[in-house]
Amino acid sequence: MTLYKKNFLKMLDLTSQEIEEYLRVAALLKEKKKKGEAHDFLRGKNVALIFEKTSTRTRCAFEVAAADLGMHAVYLDPKSSQIGKKESIEDTAKVLGRMFDAIEYRGYGQEIVEALAEYSGVPTFNGLTNESHPTQILADLLTVREHFGKIKGLTLAYYGDARYNMGNSLMVGAAKMGMNFTACCPAAYFPDPALIQKCKEIAAQTGSVLRFEEDPAKGSVGADVVYTDVWVSMGEAPEAWEERIQDLSPYKVNGNVMKRANERAVFMHCLPAFHDLGTEIGREMKARFGLDDMEVTNEVFSGKQSVVFDEAENRLHTIKAVMALALCDGI
Ligand code: CP
Ligand code: NVA
């Protein structure tokens, strides 16, 4: 098994052994970074970072990882390139493939990152699409393993909109790694039935149990990890807020949700999170709907069980592993 020259587009493409390999190298590179040991073995390589949506963690993780590996990164923001407006994805991919050793893409449809991979001919990495967020899942799995010493057999309960990138990718990642997964939300927010079917087939092989639960009082029972994400994702219409607040407020992660989970359970969130009034959107929702928080209370977010900043740090180490394995044969 080798990940050399491989794309990293969605969790479904990966075998559990490949996921293990990314996690092994991430842990190795994390240790090197902590010890201050140089690991700039990709000197002379160049990566293009295309961001059609905003980012803090993913962009910084790619840029810092590239610098640590000795690479050069070129950041392309949504406004200052020709992508999509004056030049097709196919032509863009062919151009970038002539100049870069790898490409990262954050943006809209999964088909865009798949097309970049197809036409560029260089390893292409998904930094988030509407449908999937695979680099986040590697960071989450590394964080779970660091905390519990294992992944298989644990239970992750996901509260919120399980139809979007995070719900989808966590379900696939859990199924592949033999972790149990519960989506806790109204039925209309369950993942796509075709994806559920694929995950059930994977789960039958790995021993993972998938549950779809509409009762917020039941979702976290027996959970080792309680996970949530924003109720309205990047690129969705701002008008969606009102309906989401109505539909998903019963699924806010609060102290009661955490109390029903296992005693040693952790709280996770891919971030950014609406847990207080420290954001523009948070203050807007306070003015419109009187909310002090949304998907998670500040008590849980800032509480002892929260590992959200370990998770955020692990974005760096796992993204570094993705680039290192794609561009170096044998680590
Ligand atoms: N979790 C995550 O992808 O964060 P950013 O949007 O800041 O990259
Ligand atoms: N579902 C969120 C994830 C952010 C990391 C979004 O797409 O905006």
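These numbers come from the heavy atoms of this one structure, side chains and all, not from hydrogens, waters or symmetry mates. Computed from a predicted structure; not experimentally measured. Whatever order the structure lists them in is the order used to number ligands and atoms, beginning at 1.
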Are the charged groups of E18 and K176 less than 4.0 angstrom apart, N to O? no
As an exercise, identify every atom of ligand 2 less than 4.0 angstrom from a heavy atom of L271. 5 (C)
With only distance considered, is R106 within less than 3.5 Å of ligand 2 through an N or O on each side? no
the protein heavy atom lying closest to atom 2 (C) of ligand 1 turns out to be R315 NH1, 3.2 Å
For ligand 1, which atoms sit closer than 4.0 Å to a heavy atom of C270? 1 (N)
Y75 and F51 aromatic ring geometry - parallel, tilted or perpendicular at 30°/60° bounds: tilted
Would you call the rings of Y158 and F181 parallel, tilted or perpendicular if under 30° counts as parallel and over 60° as perpendicular? parallel
Filtering M166, H133, M234, R57 for the heavy atom nearest atom 8 (O) of ligand 2 leaves M234
Is the shortest distance from a Lys or Arg side-chain nitrogen in K34 or E313 to a carboxylate oxygen in the other one below 4.0 Å? yes
Using 30° and 60° as the class limits, which term best fits the ring planes of F62 and F125: parallel, tilted or perpendicular? parallel
Do Y22 and F8 make the cut of ring centroids closer than 6.0 angstrom? yes
Identify the protein heavy atom lying closest to atom 4 (O) of ligand 1, giving its residue, its atom name and the separation to 0.1 Å. R57 NE, 2.8 Å
Out of H269, H133, E311, M166, the nearest non-hydrogen contact to atom 3 (O) of ligand 1 is supplied by H133
How far is atom 3 (C) of ligand 2 from its nearest protein heavy atom, and which residue and atom is that? D229 OD2, 3.6 Å
For atom 6 (O) of ligand 1, which of the options R106, M234, R59 provides the nearest non-hydrogen atom? R106
Strictly under 4.0 Å, does any heavy atom of K53 approach an atom of ligand 1? no
Contacting atoms of ligand 1, where contact means under 4.0 angstrom from a heavy atom of T56: 5 (P), 7 (O), 8 (O)
D77 vs K79, salt bridge (charged side-chain N to carboxylate O under 4.0 Å, His left out): CA-CA, chis, key distance, verdict: CA-CA 6 Å; D77 72 47; K79 294 202 177 78; over 6 Å; no
Looking only at heavy atoms, is any part of T58 under 4.0 Å from ligand 2, and if so is it the side chain, the backbone, or both, or is it neither? neither
With a distance cut-off below 6.0 Å to the six-membered ring centre and an angular limit of 45° from the axis, does K252 pair with Y159 as a cation-pi contact? no
Just to be sure I read this right, does ligand 2 sit under 4.0 Å from the backbone of N130, its side chain, both, or neither, counting only heavy atoms? neither
dist C328:SG -> H39:NE2 (nearest 0.5 Å) comes out at 12.5 Å
Among protein heavy atoms, which sits nearest to atom 7 (O) of ligand 2, and what does the distance come to when rounded to 0.1 Å? N165 ND2, 2.8 Å
Nitrogen or oxygen atoms of S233 and ligand 2 under 3.5 Å apart: yes
Are the aromatic ring centres of Y164 and W231 under 6.0 angstrom apart? no
Using a 4.0 Å heavy-atom cut-off, say whether L271 meets ligand 1 through its side chain, its backbone, both or neither. backbone
How long is the straight-line distance from SG of C185 back to CG of L248, given to the nearest 0.5 Å? 7.5 Å
I'd like to check which ligand 2 atoms, numbered from 1 as shown, lie under 4.0 Å from a non-hydrogen atom of L128. 3 (C), 4 (C), 5 (C), 7 (O)
